[in-house]
Each structure stands twice: as C-alpha cells, then as structure tokens.
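Counting convention: from 1, in listed order, for ligands and their atoms alike.
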Amino acid sequence: MHFNGKQEWALCQILYRNFSHEQTLDNSRDNYIDLQQNEFIHYYAEDFAYRDIPNSPLRVQAVLQKVNIVLQLHSKSISDFDLPELLPETNSRELSLLLLEELNYYIISKDIAKISTLNEAQYIIFDAVMKLIDLRSGGILFVDGPTGSGKMYLYECLFIYLRVRQLIALAVAFSGITILLLHGGCTVHLRFKIPISILDGNSTCNIDKENDSAKLLKEVV
Ligand SMILES: Nc1ncnc2c1ncn2[C@@H]1O[C@H](COP(=O)(O)OP(=O)(O)OP(=O)(O)O)[C@@H](O)[C@H]1O
C-alpha cells in the first residue's frame, strides 16, 4: 500500500510516537528489541520511504530522519539505539521540516516513465534546464508556448527528475489555481513571504536568514 506525502507523514508520526513511547525507550525488553532490529528500518524504508529511488541507503536515511524527529520530541535520538547511523548531511537536527518535506516526495515509476514521453521540443528544454543545474551556474529560463503545448507537463517532468535525485526544486505560481497542478506547489507570496502590500516602496520579503524558509531556499538547485 502506498500513501501520499501527508498521509505517510501522519502515519509515521503515529507509529514512531508509539515506538518512542517511554515504555519502549526504557526497559521493556520486547519493544526495545524490535526497535533495535535493523530489519525494522528496511521494512519501513519500503513502506514509508519508497520513492523508486534506486538507492536503498537513501531510503533508510529517510526513515531514520523521520524516526529521529519523533524521538527528539522525547529527548532521545537515533544514536541512542543500535540502528544504522544517521549521516550528518541528512541528520534531521540540521534539516528543517520544510526541507524534509521537499526531500520526501512520493514518486512512483509511472511518474518517472513520463520523462521518456516528452516530445522533442519539451526534451530540448528539459535537457537545457538539467545542463544548467548540473553546471550549478544559475540562470533564468523562460518557457513559453501556446495553450496545450505541454508546458505544465514539462514542469512536472523536471520536478520528478530533480526530486528523484533528491535535489530541491520549489514549485511556485502566482495563482492558487495553478499551484494545484504542481505537486508540492505553493504560491509565490507564501513561499517567499512577499507582503500583500508591495506598493509602499519599503516592502521586503520577510524571511529571517536563520529560519527554516531561508534554509530551504539556500538548498534550491
Ligand atoms: N509529451 C507529452 N506526452 C503526453 N501527453 C502530453 C505531453 N505533453 C503534454 N501532454 C498532455 O497535453 C495536455 C496539455 O498539456 P499541458 O497542460 O502541459 O499544456 P500547457 O502548455 O501547460 O497548457 P496551458 O498553457 O493551457 O496551461 C495535457 O493533458 C498533458 O497531459
């Protein structure tokens, strides 16, 4: 059974809250053993972190991150248990929830297969965007085309490809209707904290450099 990101997250919270219940963490031997068995991690990696990511260690890291967050609520952490190591670069102590959300999209093989169905024009743009991203040189690309020419389809494929690679790409649009078409979409105003009144000459995006939004924006490819 597969779940979407929000359902999955909710289920993880419930399950891992149970795992991190005081009784489990203290000395109830049976539960404690369950939690220590690495098989449990792989089981949940399949159930809760399955993203068609061909990289099993990454899936395990995704589960460990989620478990760690709940454990932290109980003043414990992954390192208190005999579980695979949570790598520093994926340690949820450093990754904000916003970032974790962006790293945990539910992508199935059907989505990935879409990329191979891009038509020639779409593929040229897809390729250009990927080259720019791989160069990490930054840049602005503007895609235009008549209604129904497949712009949104192209954007979907770009997001799928980047998210499978565990890269951060934020889907934003000016209208609430448009964001419904983009998985994980968010209005520009919400994402960049643009004040509603932008005409007074002094308005700025209200993002503190230390907060989670700023950390997320810094990770964007
Ligand atoms: N390469 C493709 N293979 C199969 N279906 C495609 C492809 N490209 C686009 N489509 C389909 O064509 C339809 C129109 O595509 P899409 O909505 O992406 O166009 P658009 O340019 O974003 O349109 P609009 O400007 O009206 O928003 C959609 O049903 C989409 O699924």
- Item | Ile133 side, atom CD1; Leu162 side, atom CG - distance, nearest 0.5 Å | 4.5 Å
- Query: Counting only heavy atoms on the protein side, is anything nearer than 4.0 Å to atom 10 (N) of ligand 1?
  - Reply: yes
- Item | Heavy atom of protein closer than 4.0 angstrom to atom 13 (C) of ligand 1 | no
- Message: Can you tell me which residue among Gln122, Met130, Arg163 is in a side-chain contact (heavy atoms from CB on, under 4.5 Å) with Leu158?
- Response: Met130
- Ranked by distance from atom 31 (O) of ligand 1, the top protein heavy atom is Tyr153 CD1, 3.4 Å
- Please answer: with hydrophobic residues joined when any side-chain heavy atoms are less than 4.5 Å apart, are Val129 and Leu135 in the same cluster? no
- Does ligand 1 have an atom under 4.0 Å from some heavy atom of Gly148? yes
- For Asn119, take its heavy atoms, then give the atoms of ligand 1 lying under 4.0 Å from any of them. 1 (N)
- Query: With hydrophobic residues grouped by side-chain heavy-atom distances under 4.5 Å, do Ile112 and Phe126 end up in a single group?
  - Reply: yes
- Mode of Leu154 contact toward ligand 1 - side chain, backbone, both, neither (heavy atoms, under 4.0 Å): neither
- Message: Please list the nearest protein heavy atom to atom 25 (O) of ligand 1 with its residue and the distance rounded to 0.1 Å.
- Response: Lys151 NZ, 2.7 Å
- In the protein, which heavy atom is nearest to atom 8 (N) of ligand 1, and how far is it? Gln122 NE2, 3.0 Å
- Query: Just by distance, do the side chain of Lys151 and the backbone of Val143 share a donor-acceptor pair under 3.5 Å?
  - Reply: no
- Minimum-distance pair of heavy atoms, taken over all atoms of Ser213 and Ile207: CB-CG2, 4.0 Å
- Query: Looking only at protein heavy atoms, which one is nearest to atom 22 (O) of ligand 1, and how far off is it?
  - Reply: Met152 N, 2.9 Å
- Per-atom contacts of ligand 1 with Pro146, taking only distances under 4.0 Å to non-hydrogen atoms: 21 (O)
- dist Leu181:CG -> Tyr155:OH (nearest 0.5 Å) comes out at 12.0 Å
- Query: What residue and heavy atom of the protein are closest to atom 19 (O) of ligand 1, and at what distance?
  - Reply: Gly150 N, 3.1 Å
- Message: For atom 26 (O) of ligand 1, what is the closest protein heavy atom, and at what distance to 0.1 Å?
- Response: Thr147 CG2, 3.0 Å
- Item | Neighbour count above 12 (heavy atom, 6.0 Å) for Lys114 NZ | yes
- Determine, stepwise, if the pair Ile125 / Leu118 fulfils side-chain contact (heavy atoms from CB on, under 4.5 Å). CA-CA 10 Å; Ile125 302 169; Leu118 288 172; over 6 Å; no
- Message: Within ligand 1, which atoms have a heavy atom of Thr117 less than 4.0 Å away?
- Response: 1 (N), 2 (C), 3 (N)
